[in-house]
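Structure first, then comments.
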Amino acid sequence: MSDCPIVQYVGFKVTPLVREYTFSVREASGVREFILNIANEAFVSRRARYQDAPAICALRLSAELAAHSNHPQESHFAITASELDSYRLSHGPKSSGHSNGRRQQEHF
């Protein structure tokens, strides 16, 4: 097996305060499970979208793996408000430069 870990999204569980997203990381030394939490309030306040949550968590897990040579000591992480804001800004709708979304006609 290569030095590059294989990261797999396993699923999520809803609790009263957070949604727990579980990932499996497989490498030559074995398999580890990581759980990343996003507060339910983030979804209610629309700071996060349900369909984006696995990608948000995967980005954080990738950063943790990279920062710790694929072996972070922790296995539980909480996604912060600044991480949610950063994801939303980098993955939000792209501005087309048109105010009403319609393509302006050229007049000759």
Side-chain angles (χ1 to χ4, degrees):
M1 190 175 259
S2 73
D3 292 339
C4 193
I6 298 170
V7 178
Q8 180 180 14
Y9 172 59
V10 177
F12 70 93
K13 181 173 96 173
V14 180
T15 70
L17 297 177
V18 299
R19 289 171 73 98
E20 296 180 346
Y21 293 85
T22 303
F23 290 81
S24 173
V25 176
R26 186 177 330 133
E27 56 185 334
S29 62
V31 178
R32 287 188 69 191
E33 185 175 277
F34 292 90
I35 297 175
L36 294 95
N37 297 332
I38 299 179
N40 289 330
E41 182 278 327
F43 299 104
V44 173
S45 66
R46 297 188 178 186
R47 286 191 356 256
R49 298 183 324 161
Y50 294 109
Q51 64 266 33
D52 292 336
I56 293 167
C57 292
L59 284 172
R60 170 68 184 275
L61 180 55
S62 293
E64 292 292 340
L65 292 170
H68 297 96
S69 302
N70 296 331
H71 298 96
Q73 295 212 353
E74 300 293 322
S75 61
H76 287 73
F77 301 98
I79 302 299
T80 66
S82 63
E83 288 171 312
L84 294 174
D85 292 342
S86 181
Y87 182 87
R88 190 173 61 244
L89 287 173
S90 66
H91 291 82
K94 306 295 184 233
S95 175
S96 65
H98 303 295
S99 60
N100 63 4
R102 292 185 191 173
R103 189 174 176 165
Q104 294 179 346
Q105 293 181 338
E106 294 179 16
H107 297 282
F108 297 99

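Side-chain atoms are counted along with the backbone in the values below, which use heavy atoms only and exclude waters and symmetry mates. If you read the sequence from its start, that first residue is 1, and numbering goes on from there.
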Give the table of side-chain donor-acceptor pairs shorter than 3.5 Å for residues 40-48, with sequence neighbours excluded, one pair per line with atom names and distance.
| from | atom 1 | to | atom 2 | distance (Å) |
| --- | --- | --- | --- | --- |
| N40 | ND2 | T15 | O | 2.9 |
| N40 | ND2 | P16 | O | 3.1 |
| E41 | OE1 | R47 | NH1 | 2.8 |
| E41 | OE2 | S45 | OG | 3.1 |
| E41 | OE2 | R47 | NH1 | 3.4 |
| S45 | OG | E41 | O | 2.9 |
| S45 | OG | A42 | O | 3.4 |

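- Pairing each heavy atom of P54 with each of F23, the nearest pair is O-CZ, 3.5 Å.
- The distance from the OH atom of Y87 to the CZ atom of R60 is 15.5 Å, given to the nearest 0.5 Å.
- Cluster partners of V10 are absent, since no Ile, Leu, Val, Met, Phe, Trp or Tyr has side-chain heavy atoms less than 4.5 Å from it.
- In terms of heavy-atom proximity, D85 sits nearest to R88 at OD1-NH2, 3.0 Å.
- With S62 contributing its side chain and A58 its backbone, the two residues share a donor-acceptor pair below 3.5 Å.
- Among all heavy-atom pairs drawn from L36 and C57, the shortest one is CD2-O, 3.5 Å.
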Contacts table for residues 66-79: side-chain donor-acceptor under 3.5 angstrom, sequence neighbours left out:
| from | atom 1 | to | atom 2 | distance (Å) |
| --- | --- | --- | --- | --- |
| H68 | ND1 | E64 | O | 3.0 |
| H71 | ND1 | S69 | O | 2.8 |
| H71 | NE2 | E27 | OE2 | 3.0 |

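- Within the model, atoms CG of L17 and CD1 of I38 stand 14.5 Å from one another, a figure rounded to the nearest 0.5 Å.
- By the criterion of side-chain heavy atoms lying less than 4.5 angstrom apart, applied directly or through intervening Ile, Leu, Val, Met, Phe, Trp or Tyr residues, V18 is not grouped with F12; the two fall into different hydrophobic clusters.
- Distance check: S86 OG to H91 NE2 gives 9.0 Å after rounding to the nearest 0.5 Å.
- By the rule that hydrophobic residues join a cluster once side-chain heavy atoms approach within less than 4.5 Å of another member, Y9 and Y50 end up as members of one cluster.
- By the 4.5 Å heavy-atom criterion applied to side chains, E33 and I35 are counted as neighbours.
- Transitive grouping of hydrophobic side chains (ILVMFWY, heavy atoms separated by less than 4.5 Å) keeps F34 and V31 in distinct clusters.
- Between L89 atom CG and L84 atom CG the span is 11.0 Å, to the nearest 0.5 Å.
- For the atom pair CG of N37 and OG1 of T22, the computed distance is 9.0 Å after rounding to the nearest 0.5 Å.
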